[in-house]
Amino acid sequence: MNATTYTGLGVANLPMHVVEEELKNGQLVHVLPEYQSRLHNLHVVYAKQRFYPIKLRDFIDTIIAWRDAHPHWFIDER
């Protein structure tokens, strides 16, 4: 992040997870709350198999738990 953003001389368009703490503690201010950057999808792609490796299932469960723990970073389009 650019120093000019911290000193109040600049504006930055950054992902929420990068600036969440700074917004909470007042180092940064959300100046355009009605503006939203383009959304990005997250896909987990794997080959169809009869049995899935435990590591794959653990990875998918971890991704889902991470997403569920940070719902304010995502827009649910389901």
Side-chain angles (χ1 to χ4, degrees):
M1 190 172 337
N2 194 317
T4 57
T5 304
Y6 279 111
T7 59
L9 299 173
V11 177
N13 181 13
L14 300 166
M16 182 60 76
H17 69 276
V18 173
V19 296
E20 185 172 34
E21 276 303 310
E22 288 84 355
L23 289 169
K24 281 183 184 176
N25 67 29
Q27 278 184 288
L28 295 175
V29 177
H30 197 177
V31 295
L32 297 170
E34 68 282 353
Y35 175 78
Q36 186 178 75
S37 297
R38 199 176 106 219
L39 299 177
H40 300 280
N41 295 318
L42 173 64
H43 300 276
V44 178
V45 180
Y46 49 91
K48 185 175 181 178
Q49 303 174 40
R50 184 177 168 111
F51 300 103
Y52 294 102
I54 292 173
K55 287 183 180 182
L56 174 60
R57 186 71 249 165
D58 287 347
F59 175 74
I60 293 169
D61 291 343
T62 300
I63 294 294
I64 291 171
W66 177 78
R67 182 206 58 200
D68 291 345
H70 304 93
H72 54 287
W73 293 351
F74 301 93
I75 294 175
D76 191 356
E77 294 183 328
R78 288 182 259 172

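Everything numeric in this text was worked out from a predicted model, so none of it was measured.
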Check against side-chain contact (heavy atoms from CB on, under 4.5 Å), T5 and L28 = CA-CA 8 Å; T5 304; L28 295 175; 3.6 Å; yes
For the residue pair L23 and V29, what are the closest heavy atoms and their distance?
-> CD2-C, 3.9 Å
So does I54 have more than 12 non-hydrogen atoms from other groups sitting under 6.0 Å from CD1?
-> no
CD1 on I63 to CG on D58, rounded to 0.5 Å | 12.0 Å
So with a 6.0 Å cut-off around OH of Y52, is the heavy-atom count from everything else above 12?
-> yes
At what distance, to the nearest 0.5 angstrom, does CZ of F51 lie from CZ of R57?
-> 15.0 Å
Chi angles and distances behind the side-chain contact (heavy atoms from CB on, under 4.5 Å) call for L32, E34 | CA-CA 5 Å; L32 297 170; E34 68 282 353; 3.9 Å; yes
Kindly compute the distance separating CD (E21) from CD (Q27), expressed to the nearest 0.5 Å.
-> 9.5 Å
What are the two closest non-hydrogen atoms of T4 and T7, and how far apart are they?
-> O-OG1, 3.2 Å
Look at the side-chain heavy atoms of Ile, Leu, Val, Met, Phe, Trp and Tyr, link any pair under 4.5 Å apart, and say whether W66 and V18 land in one connected group.
-> yes
